[in-house]
Amino acid sequence: MTLLIDDTNRVRTLTLNRPEALNAFNEALYDATAEALLAAADDPEIAVVVLTGTGRGFSAGTDLAEMQARITDPGFTPGKHGFPGMIDALSAFPKPLICAVNGIGVGIGATILGYADLAFMSSTARLKCPFTSLGVAPEAASSYLLPQLVGRQNAAWLLMSSEWVDAQEALRMGLVWRVCDPEELLPETRRYAEVLASRPVSSLMAVKHTITEPIRPEIAAATARENAHFAALMGAAANAAALADFAERKNS
């Protein structure tokens with residue numbers, strides 16, 4: 001199972017479960033996560049969703065082997081939802097979403113925090129937005145959501161540098177809400193999740209709607225801009241060289 005699902009006290013915990021790949025998203029995991037979010041949105045017994053990962057990774061982002069296959073393999077078959085469908089599900093998710101960053105978060109493993117209502121992070125975890133090192137553009141409306149969350153200069157550094165950010169720096173920026181010792185991450189996250197889950201779902205959804213509705217057009221516009229740049233840059237010289245280097249290191 002690429003995604004583990006647990007329901008306790010009106011909290012649904014989604015655990016990314018490709019530990020051998022540091023929970024990198026392949027098409028199957030994008031599909032499973034999108035389906036789980038859509039199902040949780042429609043389930044009256046679920047008030048809050050927690051997203052975390054198995055093992056050393058929160059998520060290493062898009063599986064680069066699949067990214068390369070998308071470019072080079074004419075027979076590549078995208079998933080039912082894929083990356084765009086998961087982002088749509090995140091953007092439209094009407095209930096509180098809490099991220100518990102248990103390990104490294106790269107790419108969508110970092111930019112997904114733009115959709116979190118609360119984010120908790122292990123003190124040993126690290127985050128990276130590797131877009132410039134891969135010769136591509138931002139994704140997941142991060143060019144809009146991250147400046148909103150952490151301010152323009154912090155967002156510029158995250159999106160332009162392709163450098164790691166540790167938990168304390170993420171907390172200082174406002175990228176996460178709490179930093180916890182590794183063994184306390186999930187208990188602490190669950191404690192706050194259950195506080196929210198004790199409230200009426202209708203009221204939680206009203207709060208979420210009033211917070212997010214004004215920015216939905218901006219998210220859509222940012223996504224369109226990013227997709228246009230991504231399409232132009234993916235497979236171009238810088239991206240092809242970065243993916244070839246990744247493949248060479250993986251096979252050496």
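FYI, side chains are in, hydrogens and waters are out, and symmetry mates aren't considered; it's all heavy atoms of this structure.
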For Ala197 versus Val48, what's the shortest heavy-atom pair and its separation? N-CG2, 3.8 Å
Intermediate values then yes/no, side-chain contact (heavy atoms from CB on, under 4.5 Å), Ile219 and Leu145: CA-CA 7 Å; Ile219 291 173; Leu145 290 170; 4.0 Å; yes
Give the cluster check for Val201 versus Leu97: same hydrophobic cluster or not, with ILVMFWY residues linked at side-chain heavy-atom distances below 4.5 Å. no
Counting only N and O atoms by type, is there a donor-acceptor contact under 3.5 Å from the side chain of Asp166 to the main-chain atoms of Arg126? no
Taking the side chain as every heavy atom from C-beta outward, state whether Thr15 and Thr54 have any atom pair closer than 4.5 Å. yes
When rounded to the nearest 0.5 Å, the distance separating CG of Asn102 from SG of Cys180 is 11.5 Å
Please examine the side chains of Thr33 and Asp31, heavy atoms only from C-beta on, and report whether any two atoms are closer than 4.5 Å. no
Between Tyr192 and Phe120, how do the two ring planes meet: parallel, tilted or perpendicular, split at 30° and 60°? tilted
Do you know which two heavy atoms are closest between Asn23 and Leu16, and how far apart they sit? OD1-O, 3.1 Å
Shortest non-hydrogen contact between Cys129 and Thr111, atoms and distance: SG-CG2, 4.1 Å
Taking the side chain as everything from C-beta on, heavy atoms only, tell me whether Phe58 gets closer than 4.5 Å to Leu22. no
Within-4.5 Å side-chain heavy-atom neighbours: Trp164 and Ile104: yes
Verify, without hydrogens or angle tests, whether Thr132 (side chain) and Met160 (backbone) share a donor-acceptor contact under 3.5 angstrom. yes
Stepwise side-chain contact (heavy atoms from CB on, under 4.5 Å) check, Cys99 with Ile112: CA-CA 8 Å; Cys99 288; Ile112 201 169; 4.3 Å; yes
Would you say the side chain of Val50 lies within less than 4.5 Å of the side chain of Leu14, judging by non-hydrogen atoms? no
Please say yes or no: joined through hydrophobic side-chain contacts below 4.5 Å, possibly via intermediate residues, are Met173 and Tyr144 part of one cluster? yes
Could you tell me whether a side-chain N or O of Ser162 sits under 3.5 Å from a main-chain N or O of Ser133, the two making a donor and an acceptor? yes
Between Lys95 and Asp117, does at least one N-O distance fall below 4.0 Å, as a salt bridge requires? no
Check: Glu188 main-chain N/O paired with Arg178 side-chain donor or acceptor under 3.5 Å: no
To the nearest 0.5 Å, what is the distance between CG (Leu29) and CE (Met1)? 11.0 Å
State the NE2-CE distance between His81 and Met86, to the nearest 0.5 angstrom. 11.5 Å
Can you tell me how far apart OG1 (Thr210) and CE (Met205) are? Round to the nearest 0.5 Å. 12.0 Å
Looking only at heavy atoms, the pair that brings Ala155 and Val150 closest together is N-CG2, 3.6 Å
Quick one: CG on Leu175 to CG on Leu113, what's the gap to the nearest 0.5 Å? 5.0 Å
Do Tyr115 side-chain atoms and Ala92 backbone N/O form a donor-acceptor pair below 3.5 Å? no
CG-CG distance between Leu127 and Leu158, expressed to the nearest 0.5 angstrom: 8.0 Å
Glu20 atom CD, over 12 foreign heavy atoms within 6.0 Å: yes
Can you tell me if Arg190 and Asn9 form a side-chain donor-acceptor pair at under 3.5 Å? no
When you measure from the side chain of Ser198 to the backbone N and O of Val195, does any donor-acceptor pair fall under 3.5 Å? yes
Using side-chain contact (heavy atoms from CB on, under 4.5 Å), reason through Leu185 and Met121 one step at a time and then give a plain yes or no. CA-CA 7 Å; Leu185 176 68; Met121 187 170 177; 5.5 Å; no
Hey, which of Lys208, His209, Arg216 is the one that makes side chain to side chain donor-acceptor pair (under 3.5 Å) with Thr212? Arg216
Glu226 side chain to Ala137 backbone, donor-acceptor under 3.5 Å: no
Please check this pair: side chain of Arg18 against backbone of Ala24, looking for a donor-acceptor N/O pair closer than 3.5 Å. yes
Mind checking whether Leu171 and Val179 have side chains closer than 4.5 Å, heavy atoms only? yes
Would you name the heavy atoms of Ser142 and Phe131 that are closest together and state the gap between them? OG-CE1, 4.4 Å
Is it true that, when you exclude Arg172 itself, more than 12 heavy atoms of the residues, nucleotides or ligands shown sit nearer than 6.0 Å to its CZ? yes
Heavy-atom side-chain contact between Ile98 and Val49 under 4.5 Å: no
Any chance the side chains of Thr8 and Asp6 put a donor and an acceptor closer than 3.5 Å? yes
Any sub-3.5 Å donor-acceptor pair from Asp181's side-chain atoms to Glu184's backbone N or O? no
Checking side-chain polar atoms at under 3.5 Å, does Tyr30 have a donor or acceptor matched by the opposite partner on Thr62? yes
Closest heavy-atom pair and its distance - Gly107, Pro130: N-CD, 3.4 Å
Answer with yes or no whether the hydrophobic clustering places Leu159 together with Met234; edges join I, L, V, M, F, W, Y residues whose side-chain heavy atoms lie under 4.5 Å apart. yes
4.5 Å side-chain heavy-atom contact, Ile87 and Glu139: no
Salt-bridge criterion met for Glu35 and Lys80 (N-O under 4.0 Å): yes
